[in-house]
Amino acid sequence: MAEIAPSVLSADFKFLEKQLKEIENAGVKRIHIDVMDGVFVPNISLGFPVIKSIRSCTDMEFDVHLMIENPERFILDAAAAGADIITVHQETCRHLPRVLSQIKEAGCKAGVALNPATSVETLKYIVHNIDQVLLMTVNPGFGGQAFIADMIQKIKDCKKLLQDMDCDSLIELDGGITVENAAECIRNGADILVAGSSVFCGDIQYNIRQFQTVLR
Ligand code: DX5
Ligand code: ZN
């Protein structure tokens with residue numbers, strides 16, 4: 001069954017602990033945490049001290065999305081802060097297999113993210129080293145953007161590539177996910193749906209329940 005991963009970027013940071021508990025109590029198993037550097041993406045979010053500090057608030061899996069240049073510099077920090085899954089961008093790694101090994105050696109699951117214009121073919125020769133593929137369904141950097149419709153074809157292409165390579169990596173989507181487009185995303189192969197504004201704007205538990213009716 002597909003899962004939802006609320007994205008902390010859209011949380012109200014002054015109520016972060018309370019909002020994490022609300023999410024967990026609604027039955028969510030993973031949260032998505034964006035780390036941005038203002039270079040790879042035109043925005044800055046939060047860093048490892050914040051992740052470390054919220055680690056004790058919840059048992060949910062921490063799905064840490066590193067939107068930073070040369071992420072190999074920060075894999076150990078991400079793991080030490082409490083990441084369970086560390087996702088790096090294909091576009092930021094000159095030696096991607098080495099970075100994936102670093103993530104595994106740090107005791108975490110490894111993900112690779114692709115910007116909308118980066119082809120899934122770029123993963124063909126390394127898919128067996130990846131626990132999840134994160135397809136950006138908006139241009140990365142900000143919450144609240146509209147889903148790019150052309151990404152539906154990319155989800156299908158990614159699913160086909162993984163099947164052809166006999167690989168059981170999960171497909172995670174990130175950006176512009178709503179209760180309205182979730183079913184189509186799942187039908188085309190998505191396993192994990194990251195959702196920021198559509199979870200945190202309004203009543204969090206109500207929003208999660210709405211998603212859960214689609215995920216079933
Ligand atoms: C955007 C981030 C997302 C963001 C998604 O670049 O990677 O995780 O929080 O936000 P929504 O769901 O509002 O598009
Ligand atoms: Zn993200």
Side-chain angles (χ1 to χ4, degrees), residues 2-13 16 19-20 23 28 30-48 50-51 54 60-69 71 74 78 81 83-93 103 108-118 130-152 154-155 170-186 190-204 206-208 210-211 214-215:
E3 267 184 64
I4 185 173
S7 177
V8 164
L9 187 65
S10 293
D12 184 340
F13 289 137
L16 195 46
Q19 294 194 333
L20 290 175
I23 290 168
V28 169
R30 75 154 75 181
I31 54 162
H32 182 86
I33 306 172
D34 292 301
V35 177
M36 303 180 184
D37 66 356
V39 179
F40 175 61
V41 290
N43 197 7
I44 291 179
S45 55
L46 49 78
F48 304 115
V50 175
I51 298 175
I54 58 172
M60 289 184 290
E61 268 192 317
F62 278 14
D63 173 26
V64 175
H65 179 191
L66 295 182
M67 307 164 88
I68 62 180
E69 291 289 350
F74 292 105
D84 298 292
I85 306 151
I86 299 177
T87 295
V88 293
H89 271 261
Q90 159 74 298
E91 302 86 2
T92 63
C93 297
I103 296 173
C108 299
K109 289 186 189 159
V112 177
L114 302 179
N115 279 344
T118 305
I130 302 175
D131 297 295
Q132 70 175 26
V133 177
L134 188 165
L135 301 179
M136 288 305 309
T137 41
V138 298
N139 285 299
F142 301 93
Q145 304 180 80
F147 185 92
I148 299 172
D150 287 341
M151 295 301 106
I152 293 291
K154 190 169 178 184
I155 303 165
L170 299 176
I171 299 178
E172 181 172 61
L173 305 186
D174 188 5
I177 301 295
T178 62
V179 171
E180 287 71 34
N181 62 24
E184 188 181 15
C185 292
I186 295 166
D191 301 292
I192 312 283
L193 302 178
V194 174
S197 41
S198 56
V199 165
F200 285 95
C201 293
D203 181 336
I204 293 175
Y206 173 82
N207 292 339
I208 291 173
Q210 295 299 106
F211 270 108
V214 181
L215 302 178

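Ligands are counted one by one from 1 in listed order, and the atoms in each one are counted from 1 as well.
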Of all heavy-atom pairs linking Ile23 and Pro6, the shortest is CG2-CG, 3.8 Å

Considering only heavy atoms of Met67, which atoms of ligand 1 have at least one such atom less than 4.0 Å away? 6 (O), 7 (O)

Out of curiosity, is Ser198 lining ligand 1, as in a heavy atom under 4.0 Å away? no

For Met67 and Met36, run side chain to side chain contact (heavy atoms under 4.5 Å, CB included): C-alpha distance rounded to whole Å, both residues' side-chain angles, the deciding distance at 0.1 Å, then the answer. CA-CA 5 Å; Met67 307 164 88; Met36 303 180 184; 3.9 Å; yes

Which protein non-hydrogen atom lies closest to atom 1 (C) of ligand 1, naming both residue and atom, and how far is it? Phe142 O, 3.5 Å

Answer yes or no: does an N/O atom from Gly196 fall short of 3.5 Å to an N/O atom of ligand 1? yes

Full working for side chain to side chain contact (heavy atoms under 4.5 Å, CB included) between Ile54 and Phe62: CA-CA 10 Å; Ile54 58 172; Phe62 278 14; 3.9 Å; yes

What atoms of ligand 1 come closer than 4.0 angstrom to any heavy atom of His65? 7 (O)

Given the Zn ion (ligand 2) as the apex, I'd like the angle to OD2 of Asp174 and ND1 of His65, rounded to 10 degrees. 90°

Give a yes or no on whether the backbone of Leu173 and the side-chain of Thr137 come within a donor-acceptor separation of less than 3.5 Å. no

Step by step, work out the side chain to side chain contact (heavy atoms under 4.5 Å, CB included) result for Phe40 and Leu66. CA-CA 10 Å; Phe40 175 61; Leu66 295 182; over 6 Å; no

Below 4.0 Å, non-hydrogen atoms only: which portion of Ser197 touches ligand 1? Side chain, backbone, both or neither. both

Test of proximity, Gly141 against ligand 1: N or O pairs below 3.5 Å: yes

What atoms of ligand 1 come within less than 4.0 Å of a heavy atom belonging to Gly175? 14 (O)

Answer yes or no: does an N/O atom from Leu9 fall short of 3.5 Å to an N/O atom of ligand 1? no

Go through the steps to decide whether Val214 and Val179 satisfy the test side chain to side chain contact (heavy atoms under 4.5 Å, CB included), and finish with yes or no. CA-CA 7 Å; Val214 181; Val179 171; 3.9 Å; yes

Side chains of Leu16 and Val8: does their closest heavy-atom pair fall under 4.5 Å? yes

min-distance protein heavy atom vs atom 14 (O) of ligand 1 -> Gly176 N, 2.8 Å

What are the two closest non-hydrogen atoms of Glu69 and Asp37, and how far apart are they? N-OD2, 2.8 Å

re atom 2 (C) of ligand 1, the protein heavy-atom contact at minimum distance is Asp34 OD2, 3.3 Å

Could you list which atoms of ligand 1 come closer than 4.0 Å to a heavy atom of His32? 8 (O)

Work out which heavy atom in Asn115 is nearest to a heavy atom in Glu91; give both atom names and the distance. N-OE2, 2.7 Å

Heavy-atom pair of closest approach, residues Asn207 and Cys201: ND2-O, 2.9 Å

Which heavy atom of Pro116 sits nearest to which heavy atom of Pro140, and what is that distance? CD-CD, 4.3 Å

Within less than 4.0 angstrom of ligand 1, does Asp174 place any heavy atom? yes

Taking all non-hydrogen atoms of both residues, which atom of Phe147 and which atom of Gly176 are closest, and how far apart? CB-O, 3.4 Å

Any idea which atoms of ligand 1 are less than 4.0 Å away from a heavy-atom of Ala195? 12 (O)

The Zn ion (ligand 2) -> His32, closest N, O or S atom is NE2

Atom 10 (O) of ligand 1 [closest protein heavy-atom partner, distance rounded to 0.1 Å]: Gly143 CA, 3.4 Å

Would you check the N or O atoms of Gly144, main chain and side chain alike, for any that come under 3.5 Å of an N or O of ligand 1? yes

Within ligand 1, which atoms have a heavy atom of Ser7 less than 4.0 Å away? 4 (C), 8 (O), 9 (O)

Considering only N, O or S atoms of Asp34, the one closest to the Zn ion (ligand 2): OD1

